[in-house]
Amino acid sequence: QVQLVESGGRLVQAGGSLRLSCAASGGTFSTYDMGWFRQAPGKEREFVAAINRSGGNPSYATFVKGRFTISKDNAKNTLYLQMNSLKPEDTAVYYCAAGDSMARVTGNYPYWGQGTQVTVSS
């Protein structure tokens, strides 16, 4: 089974940028499709972006609108989320997930990290 650990979340001003990382261990990272999800206080966990096991065919939620970029480095066993033009409404705990398909639903991902907090101040 793969273990996932997110990092890179912090407090940032609106308009700023962050790069989140998700380090994988204990499994064959290159065999998993990967996703990023987020959960704001009082809200359900929602899809942000996904990428296939080879690091191609990225998929994004509509609210991303070209601001975020997902990437996967199989040589480094790491998933990334580059976030630009951050807005206060992007404030949430961000989770990476591993699964067998590039789904936009949480139920398709059996493996999850513990999350990293992103806070965007206005």
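Predicted model only: the values in this text are computed from it and were never measured. Hydrogens, waters and symmetry mates play no part in the numbers below; they use all other heavy atoms, side chains included.
In this structure, L86 CG and N84 CG are separated by 7.5 Å, a value rounded to the nearest 0.5 Å. For the atom pair OG (S30) and CG (D73), the distance works out to 11.5 Å, reported to the nearest 0.5 Å. One finds the SG atom of C22 at 5.0 Å from the CD atom of E6 (value rounded to the nearest 0.5 Å). Between the CG atom in L20 and the CZ atom in R38 there is a gap of 11.0 Å [rounded to 0.5 Å]. Here T106 contributes atom OG1 and W112 contributes atom CH2; the two are 5.5 Å apart, rounded to the nearest 0.5 Å. Distance check: K87 NZ to S122 OG gives 14.0 Å after rounding to the nearest 0.5 Å.
Between the side chain of Q39 and the main chain of A92, no donor-acceptor pair closer than 3.5 Å is present. In terms of modelled atom types and a separation under 3.5 Å, the side chain of Y109 and the main chain of C96 share no donor-acceptor contact. Formation of a donor-acceptor pair under 3.5 Å by the Q3 side chain with backbone atoms of Q1 is found in this model.
Hydrophobic clustering, with ILVMFWY side chains joined whenever heavy atoms are under 4.5 angstrom apart, groups V2 together with Y94. Side-chain heavy atoms closer than 4.5 Å link hydrophobic residues (I, L, V, M, F, W, Y) into clusters, and following such links, possibly through other members, connects V12 to L81. Criterion: ILVMFWY side-chain heavy atoms under 4.5 Å apart, direct or through other members. Under it, L79 and Y60 are part of a common hydrophobic cluster. Linking Ile, Leu, Val, Met, Phe, Trp and Tyr residues whenever their side-chain heavy atoms come within less than 4.5 Å leaves Y111 and F37 in two separate clusters.
Taking R67 as the reference, D90 meet the side-chain hydrogen bond (donor to acceptor under 3.5 Å, both in side chains) condition, with sequence neighbours excluded.
For the pairing with L11, the side chain to side chain contact (heavy atoms under 4.5 Å, CB included) check across V120, T119, T91 returns one residue only, T119. For the side chain to side chain contact (heavy atoms under 4.5 Å, CB included) with Y80, the qualifying choice from M83, Q82, K76 is K76, the only one to do so.
Taking the ring axis of Y32 as reference, the NZ or CZ atom of K72 does not stay both within 45° of it and closer than 6.0 Å to the ring centre.
Between E89 and F63, the closest side-chain pair of non-hydrogen atoms is not below 4.5 Å.
Scanning all heavy atoms of the two residues, the minimum distance from A98 to M34 falls at CB-SD, 3.5 Å. Between I70 and P58, the shortest heavy-atom distance links the atoms CG2-CB, 3.7 Å. The nearest pair of heavy atoms linking P110 to G99 is CD-CA, 3.8 Å.
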Practice problem: Evaluate the criterion side chain to side chain contact (heavy atoms under 4.5 Å, CB included) for residue pair T116 and S7; output intermediate values, then yes/no. | Solution: CA-CA 6 Å; T116 186; S7 62; 5.5 Å; no
Please set out all donor-acceptor pairs under 3.5 angstrom arising from side-chain atoms of residues 47-56, sequence neighbours excluded.
unit_1	atom_1	unit_2	atom_2	d
N52	OD1	S54	N	3.0
N52	OD1	G55	N	3.0
N52	OD1	G56	N	2.7
N52	ND2	G56	O	3.4
R53	NE	D33	OD1	3.3
R53	NH1	T31	O	3.2
R53	NH2	D33	OD2	3.2
R53	NH2	D100	O	3.0

